> 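Got a structure for you, written out below as structure tokens; questions coming shortly.
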Amino acid sequence: MALLPILCFPDPKLHKVAQPVQTVDARVKTLIVDMLATMYDAKGIGLAATQVDVHERLIVIDVSEERDQPLVLINPEIVWTSAETHLNEEGCLSVPGIYDGVQRFNAITVRALDGEGNSRTVEAEDLLAVCIQHEMDHLLGKVFVEYLSPLKRDRIRKKMLKAQREDSR
């Protein structure tokens, strides 16, 4: 198990579109273990492979209180969305310390492979639905701040760049 470095906005690698996972082999299973360890260590509830500079369609999530119910979704695709949406306050491990409202579907159904390569369907609502949508955006090369106004996005970009400069000193 290794902790992986998380890319921070505005790193251009966060905008790469992830490719499908071809086979769930030992490399992918190791990546899943490392991504879960990284997510738990960073106190996150979701992590996309894109955020750790692996551009494959893989996300890990755990929205449980006890942090003991990991969900692995490989090559996820949303097959149904509710008509209702709501504004949800979101944050992101790639944009630390920033939270803002994003409109998301209240409920979704996702088809994906699990960590063993078995097909599964997940019906999600509330926080889990929001988290899956957020992480799936990463697989498309989209960071949640892109839903915000250009002014807010520019302020966040400048703040993140300043923090990165200070961290590298």
Side-chain angles (χ1 to χ4, degrees), residues 1-22 24-78 88-102 104 110 112-115 122 124 127-148 152-169:
M1 171 180 78
L3 295 181
L4 306 169
I6 298 173
L7 299 174
C8 282
F9 180 80
D11 192 314
K13 292 180 220 150
L14 287 169
H15 299 294
K16 282 187 180 179
V17 175
Q19 299 303 306
V21 172
Q22 296 304 317
V24 181
D25 55 15
R27 179 191 65 83
V28 170
K29 289 179 181 182
T30 298
L31 177 60
I32 290 166
V33 169
D34 292 347
M35 285 177 60
L36 283 165
T38 301
M39 176 189 74
Y40 288 131
D41 181 71
K43 310 282 190 274
I45 60 170
L47 186 67
T50 301
Q51 294 175 271
V52 294
D53 204 15
V54 177
H55 302 282
E56 295 180 72
R57 294 186 55 78
L58 165 61
I59 61 179
V60 297
I61 293 171
D62 190 342
V63 296
S64 68
E65 287 285 322
E66 300 78 24
R67 316 291 286 138
D68 62 353
Q69 295 174 36
L71 174 65
V72 175
L73 298 174
I74 300 171
N75 300 332
E77 55 182 309
I78 296 175
N88 189 71
E89 180 100 341
E90 292 186 27
C92 180
L93 294 176
S94 291
V95 195
I98 304 295
Y99 300 89
D100 213 316
V102 177
R104 300 283 188 191
V110 177
L113 299 178
D114 66 14
V122 176
L127 180 59
L128 179 58
V130 168
C131 190
I132 291 172
Q133 292 170 80
H134 175 107
E135 299 308 331
M136 285 184 69
D137 274 353
H138 280 298
L139 301 180
L140 299 173
K142 190 168 190 173
V143 181
F144 89 97
V145 297
E146 292 171 54
Y147 288 101
L148 308 178
K152 274 188 179 179
R153 195 168 46 246
D154 190 50
R155 283 183 181 156
I156 292 167
R157 185 182 62 75
K158 287 177 181 170
K159 182 176 182 176
M160 296 301 298
L161 288 170
K162 181 180 178 189
Q164 290 167 23
R165 280 193 305 272
E166 289 171 359
D167 285 348
S168 66
R169 290 184 185 157

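Being a predicted model, the structure only gives us computed values, none of them experimental.
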> Quick one: does E146's side chain have a donor or acceptor within less than 3.5 Å of a partner on V143's backbone?
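Yes, E146 side chain to V143 backbone: donor-acceptor pair under 3.5 Å.
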> Hey, which of L128, V110, I78, V102 is the one that makes side chain to side chain contact (heavy atoms under 4.5 Å, CB included) with Q133?
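One option only clears the test, and that one is I78.
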> Does A18 offer a backbone N or O that forms a donor-acceptor pair with the side chain of R57 under 3.5 Å?
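Here the side-chain-to-backbone pair does not exist.
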> In terms of side-chain geometry, is the basic nitrogen of R104 or D137 positioned less than 4.0 Å from the acidic oxygen of its partner?
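A salt bridge is present here (some side-chain N lies under 4.0 Å from a carboxylate O).
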> What's the separation between atom CG in L71 and atom OG in S64, rounded to the nearest 0.5 Å?
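Between atom CG of L71 and atom OG of S64 there are 10.5 Å.
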> For a side chain to side chain contact (heavy atoms under 4.5 Å, CB included) with K13, tell me which candidate from D53, T50, V52 qualifies.
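The passing option is D53.
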> Walk me through whether L113 and V21 qualify under side chain to side chain contact (heavy atoms under 4.5 Å, CB included).
CA-CA 10 Å; L113 299 178; V21 172; over 6 Å; no
> Is it true that atom CD of E65 has more than 12 heavy atoms of other residues, nucleotides or ligands lying nearer than 6.0 Å?
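12 or below, so no.
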> What class does the angle between the rings of F9 and H15 fall in, given that below 30° is parallel, 30 to 60° is tilted and above 60° is perpendicular?
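Ring orientation of F9 relative to H15: perpendicular.
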> Are more than 12 heavy atoms, taken from residues, nucleotides or ligands other than K159, located less than 6.0 Å from that residue's NZ atom?
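It does not: K159 NZ has 12 such atoms or fewer within range.
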> So, taking the atom named CG in D25 and the one named OG1 in T30, what distance separates them when rounded to the nearest 0.5 Å?
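D25 CG to T30 OG1: 8.5 Å, rounded to 0.5 Å.
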> Please check if the side chain of D62 supplies one atom and the backbone of D68 the other of a donor-acceptor pair under 3.5 Å.
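Looks like yes, one N/O pair under 3.5 Å.
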> Do L14 and Q51 make a side-chain contact, defined as non-hydrogen atoms from C-beta onward lying under 4.5 Å apart?
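Yes, side chains in contact.
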> Could you check if a side-chain atom of T38 sits within less than 4.5 angstrom of a side-chain atom of D41, using non-hydrogen atoms only?
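Heavy-atom side-chain distance check fails, nothing below 4.5 Å.
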> For R67, I'd like to know if atom CZ has over 12 heavy atoms of other residues, nucleotides or ligands within 6.0 Å.
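Check passes, neighbour count above 12.
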> Evaluate the side-chain proximity of L127 to I45: yes if any heavy-atom separation is below 4.5 Å, no if none is.
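Yes - at least one pair of side-chain heavy atoms lies under 4.5 Å apart.
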> List the steps, then state whether side chain to side chain contact (heavy atoms under 4.5 Å, CB included) holds for V60 with V72.
CA-CA 5 Å; V60 297; V72 175; 4.2 Å; yes
